[in-house]
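In what follows, a single structure is set out as structure tokens and then discussed.
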Amino acid sequence: MPLLARTPSSSKAKTKTRTKSRTKTDRKTSWYFTPLRVAAILIALGALGVFSVWAYRLTLTPVHDHGQAVGNTQPGRTLRFYLDRPSIKEAVQQIGGNLALLAPLGVLLPVVFTRLRGPLRLALVSGVISLTIETLQGNLITGRAFDSDDVILNVVGVVLAYLLIGRKLSRLIRGPR
């Protein structure tokens with residue numbers, strides 16, 4: 001009989017726990033919050049479209065380089081090349097440019113698609129996008145070449161942008177998972 005008997009303190013504790021969990025999930029949002037979320041998502045979707053056009057023009061249009069474009073399939077080779085040169089400006093432009101090129105995806109994709117929250121998922125998606133761009137550059141675009149370091153730097157840039165801005169912005173606009 002003592003095993004089946006409930007103590008008043010344990011039943012109160014359970015009731016308090018249930019009440020706390022209910023208030024968190026049953027909390028109503030203001031009527032204007034949903035239209036603001038929808039507007040923010042539509043703005044992010046539009047920005048994603050504008051970014052896609054900009055990235056296409058920047059990466060997939062022919063360049064007149066007089067045959068100087070050389071491909072690189074060995075990770076780190078291009079990075080060492082730029083870091084060993086005396087001009088730090090050129091290294092900053094190349095490395096920083098590749099870090100920043102796809103970085104907006106780390107902010108926009110988690111806002112538009114909540115399933116893309118998380119650095120691993122974004123790294124995979126941005127890796128596929130960057131690899132596609134580099135493959136097209138190496139095979140179809142005049143004056144461009146495939147560079148494995150570009151893929152690595154693009155992915156790192158997307159993940160950094162997500163960790164610095166995208167995660168917080170996505171939670172703010174779309175709410176917790």
Side-chain angles (χ1 to χ4, degrees), residues 17 20-61 63 71-79 82-83 91-141 144-177:
T17 309
K20 284 182 183 177
S21 66
R22 245 187 233 141
T23 57
K24 284 184 181 176
T25 56
D26 293 343
R27 192 180 308 172
K28 280 199 152 197
T29 58
S30 299
W31 66 270
Y32 58 85
F33 198 68
T34 301
L36 286 176
R37 273 188 175 170
V38 170
I41 294 166
L42 290 174
I43 289 169
L45 190 59
L48 195 56
V50 169
F51 169 75
S52 298
V53 170
W54 174 80
Y56 167 79
R57 288 184 177 170
L58 191 64
T59 60
L60 296 175
T61 54
V63 175
N72 171 32
T73 56
Q74 184 181 4
R77 190 171 122 206
T78 306
L79 291 173
Y82 284 114
L83 293 174
V92 168
Q93 283 178 335
Q94 290 296 322
I95 295 170
N98 280 311
L99 283 172
L101 179 67
L102 296 182
L105 294 179
V107 176
L108 297 172
L109 285 178
V111 171
V112 176
F113 306 104
T114 55
R115 292 189 56 100
L116 293 180
R117 287 186 185 174
L120 183 60
R121 289 180 182 183
L122 274 174
L124 291 172
V125 169
S126 62
V128 169
I129 292 169
S130 182
L131 188 61
T132 302
I133 290 170
E134 290 298 322
T135 302
L136 289 172
Q137 282 181 343
N139 293 323
L140 301 175
I141 312 299
R144 305 266 187 178
F146 178 90
D147 191 346
S148 60
D149 290 339
D150 289 355
V151 175
I152 294 166
L153 289 171
N154 291 159
V155 171
V156 169
V158 169
V159 171
L160 283 174
Y162 171 73
L163 293 174
L164 295 173
I165 301 168
R167 178 177 14 186
K168 292 176 186 173
L169 187 65
S170 176
R171 286 182 185 159
L172 176 71
I173 293 172
R174 297 298 294 258
R177 287 186 186 214

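Atom OG1 of residue Thr78 and atom CG of residue Asp147 lie 3.5 Å apart, to the nearest 0.5 angstrom. How far CD of Glu134 is from CG of Leu60: 9.0 Å, rounded to the nearest 0.5 Å. Once rounded to the nearest 0.5 Å, the distance linking CG of Leu109 with OH of Tyr162 reads 11.5 Å. Atoms CG and CG, on Leu169 and Leu108 in that order, are 8.5 Å from each other to the nearest 0.5 Å. Taken to the nearest 0.5 Å, the CG atom of Asp150 stands 4.0 Å off from the CG atom of Asn98. If you take CG on Leu101 and CD1 on Ile129, they are separated by 11.0 Å, rounding to the nearest 0.5 Å.
The two residues Ala161 and Ala103 have their closest heavy-atom pair at CB-O, 3.2 Å. Nearest heavy-atom pair across Thr59 and Ala55 is OG1-O, 2.6 Å. Scanning both residues, Ala40 and Ile173, for their nearest heavy atoms gives CB-CG2, 3.7 Å. Annotation for Gly127 and Val151: closest pair O-CG1, 4.3 Å, computed over non-hydrogen atoms. Nearest heavy atom pair, residue Ala91 against residue Tyr82, reads CB-O, 3.5 Å. The nearest pair of heavy atoms linking Val159 to Ala123 is CG2-CB, 3.9 Å.
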Task: Step-by-step side-chain contact (heavy atoms from CB on, under 4.5 Å) determination, Val158 to Val125 - done: CA-CA 10 Å; Val158 169; Val125 169; over 6 Å; no

Open item on the list: Apply side-chain contact (heavy atoms from CB on, under 4.5 Å) to residues Val111 and Leu45 and explain how you reach the verdict.
Closed with: CA-CA 8 Å; Val111 171; Leu45 190 59; over 6 Å; no

- [ ] Carefully, step by step, assess Gln74 and Asp149 under the rule side-chain contact (heavy atoms from CB on, under 4.5 Å).
- [x] CA-CA 8 Å; Gln74 184 181 4; Asp149 290 339; over 6 Å; no

- [ ] In sequence, state the C-alpha distance, the side-chain angles, and the governing distance for Leu79 and Leu153, and then conclude on side-chain contact (heavy atoms from CB on, under 4.5 Å).
- [x] CA-CA 10 Å; Leu79 291 173; Leu153 289 171; 3.6 Å; yes

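Every residue meeting the ring pair (Phe, Tyr, Trp, His ring centres under 6.0 Å) condition with Phe51, not counting sequence neighbours, appears here in chain and number order: Trp54.
No donor-acceptor distance shorter than 3.5 angstrom exists from the side chain of Arg117 to the backbone of Arg167, with no hydrogens or angles considered. Of the possible polar contacts, none joining the Arg144 side chain to the Gly138 backbone as a donor-acceptor pair under 3.5 Å is found. Of the possible donor and acceptor atoms, one in the side chain of Arg174 sits under 3.5 Å from a partner among the backbone N and O of Val112.
Proximity of Leu122 to Val155: side-chain heavy atoms (C-beta onward) are nowhere separated by under 4.5 Å. Contact annotation: the side chain of Leu105 never approaches that of Asn154 to less than 4.5 Å [non-hydrogen atoms, C-beta and beyond]. Side-chain contact between Phe146 and Leu131 is present, with at least one heavy-atom pair separated by less than 4.5 Å.
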